[in-house]
Chemist: 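Mind having a look at this structure? Questions to follow.
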Amino acid sequence: MPELPEVETIVRGLKRTVLGKKIKTIKIVPSRVLQNNPRYLKRNLTGLKIVSVKRRGKNIILQLSGGNLLLIHLGMTGNLIYLKRPAPLKKHDHLNMEFSDKSQLRYNDPRKFGKFKLVKSSRKENIEDLKSLGPEPLEITENDFVRLVQTRRGRIKSTLLNQKFIAGIGNIYADEVLFEAKIHPEERACNLSSNRLKKLHQAIQKTLKKAIKAGGSSIDNYLDVEGKQGFFQFYHKAYGREGKPCLRCGTKIKRIVVNQRSNYFCPKCQRKM
DNA sequence: GTCGATGTTATCAA
DNA sequence: TTTGATAACATCGA
C-alpha cells in the first residue's frame, strides 16, 4: 500500500494530531512487527514527548524527547490510526500508545510486513534501514537523476522500485510515472536517452506531487491517520487498468508480470525501443 | 474449498 | 555487484 505519497500524507496527519503530545501508556501485542522486546519498548517510550515527525523514503521517523527515534515502516498493509478517545484494541493492532490527553495512536498491520523499531539516539547516525536508501525523488536534480539511471543495467521498472537507488517509489507510482513518460517497463535503464530520462524525472515530480495533494491512493485498506481515504486512485492512468482504454490513445492497457510484480502499461504509447 | 493476486523488502543463489 | 526467486502473512475474489 503505502508508497511515498501515502507515507507523506500520514506524516502530515501525525503532525496535526500527535506532534508535541506526551506518551502516557503503551499497550503491546507482541509480534514480528515490533523489533524491540515489549518491556524495553514500554520502558523507553512511556513519559516521552513526540518532538518531530519526518519521512525518509517510505519510512516514518518520530523523534522523541531525549533524542531517541521511533522508526516505522508500514510494509504492505501497515497503518497508523489516530483516535481521539480510548477504544479497545482491534484485530491486527500491534501497538497502542495513549497520550496524556487520552487520544491514541495505534499501529495496525494485518500482513505483518511492517516494522516498528525504537532506535537509541546514540545510534541514530547509523540506522541501517535509512543509510542504505537512495535520494528522495522530489529532491534529486534532473541531471543527477539522468546520470544515476544511466549507470543501471537492469530494467527501468525494477530500477525505480529499488529503494537503494531512489527512495519512496513503489509499484503503483512506478507504473504511473512510466506511463506519463511513455517508457516501457522492461526497457534497460542504461539504454534510455537523456531526453527520455528528463521526461521521466518530470513525470516523477509531477505525479508524486499530485498524489500527495490527493492524499495518496486508497486501494484496499489505505487510510490516513484520521481515517480519511485518499483519492489519487481515481487519477491512475495505468496501474490496475488492465483491458481498459489508454487515456491517451485508446489502446487497451496491458498487464505483464516481471520479477513477480504486475506491470500495467499501454503497449502503443510505451513501446520498447 | 482452492488458487492466485495484493501496495514491501530481507535474504539467498546464480 | 547485480538480478531474480522466494518467503514472510492475511484477505479477498474468481
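Proteins come first, then strands; the chains are lettered A, B, ... in the order of their sequence lines, and each starts at number 1.
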Chemist: M76(A) CE to dC12(C) C1': how many Å, rounded?
Modeler: 13 Å
Chemist: Measure the distance from CD on Q35(A) to P on dT9(B) and round it to the nearest whole Å.
Modeler: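 Answer to the nearest Å: 13 Å.
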Chemist: Looking at R155(A), I'd like to know whether one of its side-chain N or O atoms comes within less than 4.0 Å of OP1 or OP2 on dG4(C).
Modeler: yes
Chemist: Taking Y239(A) as the fixed residue, which of F232(A), F234(A), F179(A), Y264(A) is the one that meets the ring-ring contact (aromatic ring centres under 6.0 Å, His included) rule?
Modeler: Y264(A)
Chemist: Please state how far atom CG in N59(A) lies from atom P in dG7(B), giving the value in whole angstrom units.
Modeler: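 Atom-to-atom, N59(A) to dG7(B), this comes out as 19 Å.
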Chemist: Could you state the CG-P distance from N162(A) to dG4(C), rounded to the nearest angstrom?
Modeler: 11 Å
Chemist: Does Y222(A) stack onto the base of dG7(B), taking stacking as ring centres under 5.5 Å apart and planes under 30° apart?
Modeler: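 Stack criterion not met.
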Chemist: Are a donor atom and an acceptor atom from the side chains of D224(A) and T9(A) found within less than 3.5 Å of each other?
Modeler: no
Chemist: Looking at K272(A), K157(A), R196(A), which hits salt bridge (Lys or Arg N to Asp or Glu O under 4.0 Å) with E187(A)?
Modeler: R196(A)
Chemist: Mind calculating the distance between CD1 (I219(A)) and P (dA10(C)) to the nearest angstrom?
Modeler: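 These atoms are roughly 22 Å apart.
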Chemist: Could you verify whether a donor N or O on one side chain and an acceptor N or O on the other, from T46(A) and K24(A), lie under 3.5 Å apart?
Modeler: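 Absent: no donor and acceptor within the cut-off.
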Chemist: Hey, which sits more toward the 5' end of DNA chain C by its nearest nucleotide, R153(A) or Q260(A)?
Modeler: R153(A)
Chemist: So what does K164(A) hit on the nucleic acid, given a heavy-atom distance under 4.0 Å: a base, only sugar-phosphate, or nothing?
Modeler: nothing
Chemist: Is K58(A) near enough to dT9(B) that one of its side-chain N or O atoms lies under 4.0 angstrom from OP1 or OP2?
Modeler: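 Answer yes for this pair, as a side-chain N or O of K58(A) is under 4.0 Å from OP1 or OP2.
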Chemist: With respect to the phosphate group of dT3(C), does any side-chain polar atom (N or O) of S158(A) fall under 4.0 Å of OP1 or OP2?
Modeler: no
Chemist: E242(A) has an atom CD; how far is it from atom C1' of dA14(C), in whole Å?
Modeler: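 After rounding, the reported distance stands at 14 Å.
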Chemist: Starting at the 5' end of DNA chain C, which residue's closest nucleotide do you reach first, R32(A) or H92(A)?
Modeler: R32(A)
Chemist: Tell me what R261(A) touches on the nucleic acid: a base, only sugar-phosphate, or nothing, going by heavy atoms under 4.0 Å.
Modeler: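 Base contact.
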Chemist: Starting at the 5' end of DNA chain B, which residue's closest nucleotide do you reach first, K115(A) or V257(A)?
Modeler: V257(A)
Chemist: Could you tell me if T159(A) and R152(A) have a donor-acceptor pair between their side chains, going purely by distance under 3.5 Å?
Modeler: no
